[in-house]
Amino acid sequence: MVKKALVIVLVFCGMNLFSQTSDIVVKEGLLRFQGTIGMGKSTDRNENNIFLHGNLEYFIHSFLTTRGDTYFFLENEENSLDVNHQLFAGMAYHFSKKSNFVPYIGIQPGLAATRYNGTTKTETTPLVSAVAGFNYFAAKWFHLFIDARFVSGKHLSNLPPYPINEIRLSFGLGFNIVTKKNK
Amino acid sequence: MNKFILFIALLFPITFYAQEDIRPSGDKKESGTFSLGVRNTFSTFGATENLGVGFGGQFRIRVSNRINTEWFADFINEDIDGLATRNDYHIGWSVMIYPFKTKAKLVPYVLAGHCFDYTKVRTTYNIYTSNPPQTVSRLSSATQVGLGTHINLSEIVDISLSSQYMMHLGSDVHAEVHEHNGLKEIHIAKEGHSGFSLEGHLLFTLSVNFKIAQLW
């Protein structure tokens, strides 16, 4: 999965050269949102997770955003948890002001609803997470994105503790709306 | 106890900056701002010597240029050596005092406040000892004091880092890990039925805050 991610990132890096434009999309008041599939790789065991990933982000300034992310867990055969839905809220710092290729980093505290496979009680698990990635605002209405995240947490119940540390990757097409008139 | 005395000693130099005439003053009124934020809280140096990780939120109402108030709620999870789980629910408030310049990228502050909390410790199921799972809980109040700094990313957004020592007053949930026949076992009990007891821990908080309104 890491190799695939590297290939995707390298392909997208070329966009930086084409994204120099006078028509900058990222401005204060821009609202972006997306729905996609997220892939996660556990850092503690050989286990992969699949999520439906939704995201909403508002540009408070051209370089700072407030963002919220939801991950709806889709269980597969190799998972030890059958519930692992996650919710994050926080901020991101966006680096580029002169280009529509905009890398970012951010922090997002979060919460997960987690449950061991075969048990009935769902637990609440606090999460620590950091995000990094980029958006390529190809047009006024849509953008391409790659979003990587590190999540750290531990599912605690009346069974032995179960770390849910994970590196996650999402990519795809997102949409953006200008909510403020240009000054 | 030594940690607590050291912590108080570290706060003493702040008195030098508390003299009104040497305080720098900002030129813009900042009172009345209302901020909303989310946070991760890490609980350390508690009775069980394990790390607790928490999620929470807070809002702030700034009452003057030099004084801010923070109203928070946290949910903290702690794994006690794989043998038990501790859940802490905190709800409380802190007053934040800015002894230095308030218009800067880094704005340090001193904080103090009160907190109410609910603590629950559950033992995990152990196939070797076959002890039945046990749960102990308590309600308590606490007082906290600490230091922190805002990292102002813009006029609206800041990241805040703080450390605070929180002292709980109430019955204590005591968890003791010991070895029996080469196996780790845990004993949990609620103590202090006949009186009060003190229990403290050091909290580190990382929060992201957005100023969303000017109340006055």
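To find a chain, count down the sequence lines: A is the first, B the second, and so on, and within it residues start at 1. Not measured: the values here are computed from a predicted model.
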Find the distance between NZ (A:Lys154) and OG1 (B:Thr85) and round it off to the nearest 0.5 Å. 9.5 Å
CE-CG distance between A:Met91 and B:Asn209, expressed to the nearest 0.5 angstrom: 10.5 Å
Indicate the atoms forming the closest heavy-atom contact of B:Thr124 with A:Leu159, along with that distance. CG2-O, 3.4 Å
Tightest non-hydrogen contact, residues A:Pro126 and B:Phe55, listed as CB-N, 3.5 Å
How far does CD of B:Glu78 sit from CG of A:Leu156, to the nearest 0.5 angstrom? 9.5 Å
So which heavy atom on A:Asn158 is nearest to which on B:Thr123, and how close? CB-O, 4.0 Å
Non-hydrogen atoms of chain A under 4.5 Å away: do they reach the side chain of B:Ile159, the backbone, both or neither? side chain
More than 12 heavy atoms from other groups under 6.0 Å of CG on A:Asn46: no
Identify the two heavy atoms, one from B:Val38 and one from A:Ala89, that lie closest to each other, and give their separation to 0.1 Å. CG2-O, 3.3 Å
If you count every heavy atom of other residues, nucleotides or ligands that lies below 6.0 Å from B:Ile151 atom CD1, does the total exceed 12? yes
Which one, A:Ser152, A:Ser157, A:Pro109, leads in non-hydrogen pairs under 4.5 Å with chain B? A:Pro109
Closest heavy-atom contact between A:Leu127 and B:Asn40? O-ND2, 3.0 Å
If you draw a 6.0 Å radius around CD1 in B:Ile212, do more than 12 non-hydrogen atoms from other residues or ligands fall strictly inside? yes
In this structure, NE2 of A:His61 is separated from CG of B:Leu153 (nearest 0.5 Å) by 9.0 Å
What part of B:Phe210 gets closer than 4.5 Å to chain A, counting heavy atoms only: side chain, backbone, both or neither? side chain
B:Arg122, part contacting chain A, at a heavy-atom distance under 4.5 Å: side chain
